[in-house]
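Got a structure for you, questions after.
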Amino acid sequence: MSAQAHPAPQAPAQDASGTWKYDAALAGRIELKWQDRWEAEGTFEAPNPTGPLATTRRGATVSPGPGAAGEKLYVMDMFPYPSGKGLHVGHPLGYLATDVLARYNRMRGKNVMHALAYDAFGLPAEQYAVQTGQHPRVTTEENIANMRRQLRRLGLGHDARRTFATTDPEFVKWTQWIFLQIFNSWYDADADGGAGKARPIAELVAQFADGSRALPGDYAGRSWEELSAREREDVLHGYRLAYVSESPVNWCPGLGTVLANEEVTPEGRSERGNFPVFQRNLKQWNMRITAYADRLIDDLDHVDWPEAVKSMQRNWIGRSTGAHVRFALTGSGGTESAPEDITVFTTRPDTLFGATYVVLAPEHPLVDRLLAEPSAAGWEPGVPEAWRGGAATPAEAVRSYRAAAAAKTPAERQEDKEKTGVFTGGYAINPVTGDRLPVFIADYVLMGYGTGAIMAVPGGDERDHEFALAFGLPIVPTVAAPEGHEGVWTGDGEVINSANERIDLNGMSVAEAKEAIIAWLERSGSGEGTTTYRLRDWLFSRQRYWGEPFPIVYDEDGTAIALPEDQLPVDLPEVDDFSPRTFPEDDLTSEPEPPLGRAADWVHVTLDLGDGPKRYRRETNTMPNWAGSSWYQLRYADPANDQAPVDTVNEAYWLGPRGQGHSGGADLYIGGVEHAVLHLLYARFWHKVLYDLGHISSFEPFHKLVNQGYIQAYAYTDERGAYVPAAEVAERVDESGESTFWYQGAQVRREYGKMGKSLKNIVTPDDMYAEYGADTFRVYEMSMGPLELSRAWETRAVVGAQRFLQRVWRLVVDEETGETVVTGGELDEATLRVLHATIAGVHEDMEAMRFNTAIAKLIVLVNHLTKEGITARAAVEPLVQLLSPFAPHIAEELWERLGHAGTITYQPLPAADESYLVAETVTCVVQVKGKVRDRLEVSPDIDPAELERLALASTGAQRTLAGAGVRKVIVRAPKLVNIVPEG
RNA sequence: GCCCUCGUAGCCCAAUCGGCAGAGGCAGCGGACUUAAAAUCCGCUCAGUGUGGGUUCGAGUCCCACCGGGGGCACCA
């Protein structure tokens, strides 16, 4: 990755046909010339305030002093995975948008940082390595080189000094360093006035040591002093933000690795590869992202993101407020033996009077307790047949129901919406009514949410209602339904049937009743208000080769020990076999086996970690490929820093908050919506940890987020359903306007969707360069419509962008001779008006990222100049400048031909002269009852009273009014008068 | 079922604060240039804004209900 020696840029030769026509070949020569020049001159290097990148080859520096901080712009793209499959025309859309914006802002005088790095760990390179035996690093580097070449041809203005790959040892070092920061931190929920924040684990140790914080759980009552090293680590592991735990995880035999919840589809399959995923209890690394649940939700109010992404994140975190309510448990047969509590979570504590039974998830640990009751040996008399599940005893019923539930995949459990369950033989006491409620197990209650237990309110919940009907359980409505409502009422209303000698909720609204019952629960000790989350801790280890190793070793006790910073990075060992052990995709008995475990020499090491050389065992899992993308927004700002992931000064300059309460973060982030709850959630989490620990000044990584739409394409199938080459399909339109599609004389069917090789509808950027050139391709993609919108690719429409650039070219260059035809002289009034309207309009559109309308305005100007035969420098130079963000190569070429020596990149854009924006006369519309009846040419600053008089007198108004009286006249000078007649 | 989005000309899309429905492009048609064709240039046609209500002097724009496309979530208590 360095500037290679390039031959001196050559002036583009004339076209093969002997003319200087702006065709694909000429465009190509111009484009390559300027791409070489930009590279050779370091045109897009942006200076940092401090450090190795503080100076650039073009001599720019960050000017010190007040006001300088406002003059920067940080735009970034979601970085690509270098797949080696190559790009299609849809891939560069976002990169073009950021490039256009970056170029525009450079011309506005801002210091613009824009670069592209590569997210290079991950499965495809590893799978390719497994197949070929080639090291994934080799594959990855080849793919990056190839992708870089493809993207360079687009003319993207990236700062080449700021590129990197997540697989670079220097980058891995800091990824591992951040891991250690997280490992060596805990979440102090009381810090920051209750919002909580991460603090160094050493501060927690100090609290334990001086007794200001009591030891938790099994260690309560003991002192820190007397704990062994292993016991201390055991305590700390309950606090660390990165920790190992043995818990149910998503095990995917087909991939041979475990996966985070975010990587499992609702169908219970792996997002990547679509293999089945099973729940297994395994010892794995986790990140305590749940500690940040509230801030991850609340801080969404501080970022400028699409509502869809915000709502997906809120949804995924799934905060719901309600109450924990404890139900005392009694055995069957009425023996009040050793009461045990079932804690349920409910969002509707107001409906407690309507709770007529209790349901536990089949996996709930209390089920065993219930069955341990001696009296649970047989069914009590009177237990309905339907409750028994065909079994002779509760124990047998529960056993067989549990077995049946366990045999189903999560997907199967969801598919079957019929309510099933069995009675456990046990009862629970409703704390407010004192009623004895039967306790069921049923698989519509999930162990993974809330407490895995519910109070069932069939009068106020659809699911409970269905279950109650199936099992003949009582239904007590507690909120009055509106007149005429059928079925269960879950909305607001007046509370009914909810009073006894202890509390009276009747007549309250749902919200009032919630508040009252929570207060009562807390007073009586039978519950409390609480908040639960759907979000689970982030499972962070993978059984793969091609990922970052953990900077962790284990001593002979199995205690995890962080490696010191000076031993980073921990490099991957060389191995013969990169593959994890994978299994038949439905092999439930399989166990994960990390490939690093086979590198015995690497795993077992002797290290001196402060108390002399000792034998240690390395962690053999690797990090998920989300690790690198969780902090790369920081590294762009200081890619060569070997002292820190990012210097605080550089971070504050590029990402720091702009004013009080501002979140900070990159100014603009463009990427697909598919990362809404994966990358974007993880990156926010890491960023916040680093913020809490004082390493950075911004508390959000990406301040403004835009999701670009997808470029999709039509595909065509013949009678057999086989795809035919889309490029060779012709459209026929009959008299009625109906379109049909034909391939080799036979009619074919059109479908709409992705671009793909198998669909035979791929169009690549290379196709576009060959036929039109990169600038035409850029202009076409930017003019297709708003960035956020998905749309269909239509190759035949690209010619419109080419015609536009050809017209621009001819304003400057004679197609026959190649001579510059630009002339001097003043512009006429009409041209000045068009020119300044264009300047003003383009500025407005660019600020709002409306690239399509900005291009439309440039087309208007070009059409005007072409039609009028105007080639005056005074019109052409501003045009070339305004065009250059979209079509930078042709703009540079024309700028040079207009006699300018340097690059156009930093030329200040023209400003509109206000005096040409005000029209001499405007057309005033005269409406009668909202319908246009006449038009008047009036002065823009006409007096409203005068305008009203003119409008009333106009022939159109008089004719329409036909003598009728006038009730009211609305005057919006100077553009509109609306006359409201009587009657 | 719930949430988020988008419905304007044959197609892709404009219309900024509620004020003349049309900026731009594609396709189509006509013309110029050409021996002819392509390319280029000039000109033209085409909708009343998914449907039904409402608010307003005035609605593509605001409100309500519905229909259709795209996306997300979904037995989450």
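Given the structure is predicted, the values throughout are model-derived calculations rather than measurements. The basis for the numbers below is simple: all heavy atoms, side chains too, and nothing from hydrogens, waters or symmetry mates. Chain letters run A, B, ... following the sequence lines, proteins first and then strands; every chain starts at 1.
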A:D301/A:R314 salt bridge by N-O under 4.0 Å criterion
yes
Any strand counts, and the cut-off is 3.5 Å on both contacts for Watson-Crick or G-U wobble. Which nucleotide pairs with B:C2?
B:G72
When only distance counts, do a donor and an acceptor, one from the side chain of A:Q927 and one from the base of B:G19, lie under 3.5 Å apart?
yes
Look at all strands and tell whether A:L789 reaches a base, only sugar-phosphate, or nothing, counting heavy atoms closer than 4.0 Å.
sugar-phosphate
Looking at A:K857, I'd like to know whether one of its side-chain N or O atoms comes within less than 4.0 Å of OP1 or OP2 on B:A14.
no
Base, sugar-phosphate alone, or nothing: which one does A:T532 contact when heavy atoms must sit under 4.0 Å apart?
nothing
Heavy atoms only, 4.0 Å cut-off, all strands: where does A:Q806 land among base, sugar-phosphate and nothing?
sugar-phosphate
Taking only Lys NZ, Arg NE, NH1 and NH2, and the carboxylate oxygens of Asp or Glu, determine whether A:E781 and A:R791 approach each other closer than 4.0 Å.
no
Give one of base, sugar-phosphate or nothing for A:A797, where a contact means two heavy atoms less than 4.0 Å apart.
sugar-phosphate
Give me the ring orientation class for A:F467 and A:F471: parallel if the planes are under 30° apart, tilted from 30 to 60°, perpendicular past 60°.
parallel
Residue pair A:Y780/A:N978 against RNA chain B: nearer the 5' end by closest nucleotide is A:Y780
On RNA chain B, does the nearest nucleotide to A:V980 precede the nearest nucleotide to A:I855 from the 5' side, or the other way round? Give the residue.
A:I855
Select base, sugar-phosphate, or nothing to describe what A:P786 touches, counting heavy atoms under 4.0 Å on all strands.
sugar-phosphate
Categorize A:V969 for me: base, sugar-phosphate, or nothing, with a 4.0 angstrom heavy-atom threshold over every strand shown.
nothing
